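To keep things clear, I will list the structure first and then write my remarks on it.
Keep in mind it's a predicted model, so treat the numbers as computed, not measured. In what follows, chains are A, B, ... by sequence order, proteins preceding strands, each numbered from 1. In what follows, every heavy atom counts, from backbone to side chain, and hydrogens, waters and symmetry copies are set aside.
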Amino acid sequence: MKHLKNILLMLIFLFTAGSCLAVSPKEIVKKGDEILNAPKDAYILNTMEVTEKDGTKSIRESEMFQKGTDMRLIRFLSPADQRGIAFLTLPNEIMYLYLPAFHKIRQIASHVKNQNFAGTDLTYDDLSSFEVSKTHTAEFVREEDTMYVLKLTPIDRRGKDYEYLHIYYLKDNYYPVKTEYYDRSGNLWKILERKELKQINNYWISMELEVRDVKNDHTTISKVEKIDLDIGLDDSVFSKRNLIRIR
Amino acid sequence: MRWREKFTLVLLFCMFVSSSALHADVSIGGDLKSETRLNFDDRKIQNNSNTVSLKFEYTDMNYHLLVSPKIETYGLPVVDERADLQNVEQIFDLSVGVSEAYVDIYEFLLPSLDIRIGKQLIVWGTADKINPTGNICPSDLSGTLEFGEKLGVNSILTNLYISDFIFSFAFLPVFTPSRLPKGDLLGSLIPEIPIPDAPAFAETTRGTEYHTIQNPDNVLSETSQFAVKLSTFVFGYDFSMSYYYGRYTVPIYYQIDYTVDGSFTNIQTYSKFPKVQIIGFDLAGSIFNMGLWGEAALFIPEKVMIDLYLTGAPPTQIGSETTLDEEPYLRYVIGTDYTFSGGLYYNLQYVYGLDHEIGKDNLNHYLVFRMEKSYFYEKLKILPLTLILGVHTLDTIESNYGIGYIPEIQFFPSDNLELDLGIFITSGKGENLLARLDNHDSFFLTIKASF
């Protein structure tokens, strides 16, 4: 009898929890993707501050062109030994890296996706993933005062060093303000936070991105210095021709 | 330093200080690289060079200007007699040059056409460092096993972008030869001239050697080279086909004169840069999540005969044979790379033929394997297993093979600073690059600071 009571209570809980969510986890993730990728295109000038375990800081400057959900070009402007290094992401997971020292554009395979990009806490995967709703399954974890917390598990594990993510979506606009990365053992590995949300041209934009490697006590803070939205970027910007073009 | 070098330095300095003052947009950067290489076997210092590379750039919407002067000190004094001590250039072997100096004009005449004019590095091919299809720029072989280093050439390069196709055309009015290594490392690339087994040379030993190079006649039809390439992207792979018409940049002997002088045989060689046509094909992409690339180049050389003479009055021809056959031959590279979870990276290439291996009978098979692992957010990179295996043919593996082992540690203590420490060990038998380097096992330290 006690066993039956427990099952009944659990069913009531699940029914209640489900009815509390106005939208399904899948919809939340989709809406989160939509709000992140809402601008038609963007040009962003960034400053990245990388903090080592011992507190040593170094600065990187980069520019980023983005269009739609599958085209992005990132180019380092400083420091001197990284100036001109550029990374291009195209549809169907096609990625190119330009290393000025080798005078060569190289197509890179997805095995590099879990590697850190140029000594920062951002991986190639972080830089090339635009729509987690298409690449992950989502399930509800908990509801907080202002946020939904969902667990996202990659459908294809290739290029993913993490086992699953916990993403925190704001209830009012579904903006994904925080992502926790859990390693294969289920331990918290990395935290990505989108801070200083601002509304620009009716789009919600995070002006500061902080990525903290909890295991190695290493942090990267990326700040938006300049942003231009809906500037009519042509597809040709996202090309090998433009990858090597110094601006 | 010769007056021309001094003048070049002063001119460059004035140009860019003034241009920097006029244009705040001129960016100035560069690096200082210091290399020391100590030979284990004879404890000699093989290299003690310091190189300052500068880079001045100005960028506008429609054009980009780059000038990159290079000042290099070899670091080993060339002092043979007291008078040499009075010449600073003998004490400090200094060279001043410009590795690149070009202007890019974007959307030149057509919106889809870019053009680059001036001294530039043009690197074609998808393989890692060893590119059989990259023949426009001559190789800088001064580092021997630092594959892939090239010298800038005066050229016009146009790139026409149409949809997924890139049509490239390069024209080089002037011929530029490869740079060869200094000192006894030269012998690793160019084998010693044998003394013929004939009665005239019996009981003589090797005397002095003189090597004369015949440059192409200074007319456009002889010095110019051109190359075309069509690149595209299909089914996730980058493909390109290319054609090069030009010359080998490493010289080939066409005549050797032997002079018997008492108990010595003196040798006078004559070399030239034969013409060659090269049809190339390359691809790059991925398979099963691994990087994959391949390159093949069909070399169609002109025939070169070598004539051997015993000097005297009159000289006697003692032999004549083909040193470079006109029969086409193929050089190729197939490679793959992968990064394991946790950051362990491997890179494997199978190579048939290197830049200095000219002619179908001189090609060797190489297997090049590199493994590396980064630590502390790429502050430290350890390359414990860089291996090169070389054989001429499987039939002759016992008498002609080479093994190279180059473990390395790279340390990046801060941005813009890089230290590279390693050892270079080779062993082998026969006439191949690795076997010839057998007595050059060395320790090396490189420090590079960028600004």
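- Rounded to the nearest 0.5 angstrom, B:F288 CZ and A:S110 OG are separated by 12.5 Å.
- For B:K373, the NZ atom sits in a packed shell: over 12 heavy atoms of surrounding residues, nucleotides or ligands are nearer than 6.0 Å.
- A salt bridge links A:R60 to B:D415: one of the charged nitrogens lies within less than 4.0 Å of a carboxylate oxygen.
- Proximity to chain B (any heavy atom under 4.5 Å) is shown, for A:L90, by neither the backbone nor the side chain.
- Within the 4.5 angstrom heavy-atom criterion, no atom of A:N92 approaches chain B.
- Atoms CG and OG1, on A:N114 and B:T339 in that order, are 7.0 Å from each other to the nearest 0.5 Å.
- Closest approach of B:N416 and A:A80 over heavy atoms only: OD1-N, 3.2 Å.
- To the nearest 0.5 Å, atoms CG (A:D161) and CZ (B:F340) are separated by 13.0 Å.
- Around atom NZ of A:K178, more than 12 heavy atoms belonging to other residues, nucleotides or ligands sit under 6.0 Å away.
- Distance check, rounded to the nearest 0.5 Å: CZ of B:F233 to NZ of A:K240 gives 8.0 Å.
- If you take CD on A:Q107 and CG on B:L283, they are separated by 10.0 Å, rounding to the nearest 0.5 Å.
- Residues that satisfy the ring-ring contact (aromatic ring centres under 6.0 Å, His included) test with A:F76, not counting sequence neighbours, are A:F117.
- When A:Q82, A:R106, A:E93, A:H218 are compared by the number of non-hydrogen pairs under 4.5 Å with chain B, A:H218 comes out ahead.
- More than 12 non-hydrogen atoms from other residues, nucleotides or ligands lie less than 6.0 angstrom from CD of A:E210.
- A pairwise comparison of heavy atoms in B:S450 and A:D81 identifies OG-CB, 3.6 Å as the closest pair.
- Within 6.0 Å of CZ on B:F376 lie no more than 12 heavy atoms contributed by other residues, nucleotides or ligands.
- Using a 4.5 Å cut-off between heavy atoms, B:Y237 touches chain A through its backbone atoms (N, CA, C, O) alone.
- Contact of B:D337 with chain A is made through backbone and side chain together, with heavy-atom distances under 4.5 Å.
- Under a cut-off of 6.0 angstrom, the local environment of CG in A:D54 is crowded, with over 12 non-hydrogen atoms contributed by other residues, nucleotides or ligands.
- Contact annotation: the side chain of B:Y377 approaches that of A:D213 to within less than 4.5 Å [non-hydrogen atoms, C-beta and beyond].
- A pairwise comparison of heavy atoms in B:M290 and A:A109 identifies C-CB, 3.7 Å as the closest pair.
- Scanning residues 149-165 of chain B against chain A with a 4.5 Å heavy-atom cutoff picks out B:Y161, ordered by number.
- Shown here is A:R241, whose CZ atom has more than 12 heavy atoms of other residues, nucleotides or ligands within 6.0 Å.
- Interface residue A:E52: only side-chain heavy atoms are found under 4.5 Å from chain B.
- Within 6.0 Å of CZ in A:F102 there are 12 or fewer heavy atoms belonging to other residues, nucleotides or ligands.
- Interface remark: of the candidates B:E100, B:K448, B:E418, B:K55, B:E100 forms the most heavy-atom pairs closer than 4.5 Å to chain A.
- Of the possible donor and acceptor atoms, none in the side chain of B:K379 sits under 3.5 Å from a partner among the backbone N and O of A:G119.
- Interface residue A:T120: only backbone heavy atoms are found under 4.5 Å from chain B.
- Distance check, rounded to the nearest 0.5 Å: CD of A:Q115 to CD of B:E378 gives 7.5 Å.
- Residue B:K229 qualifies as enclosed at atom NZ: its count of foreign heavy atoms under 6.0 Å is above 12.
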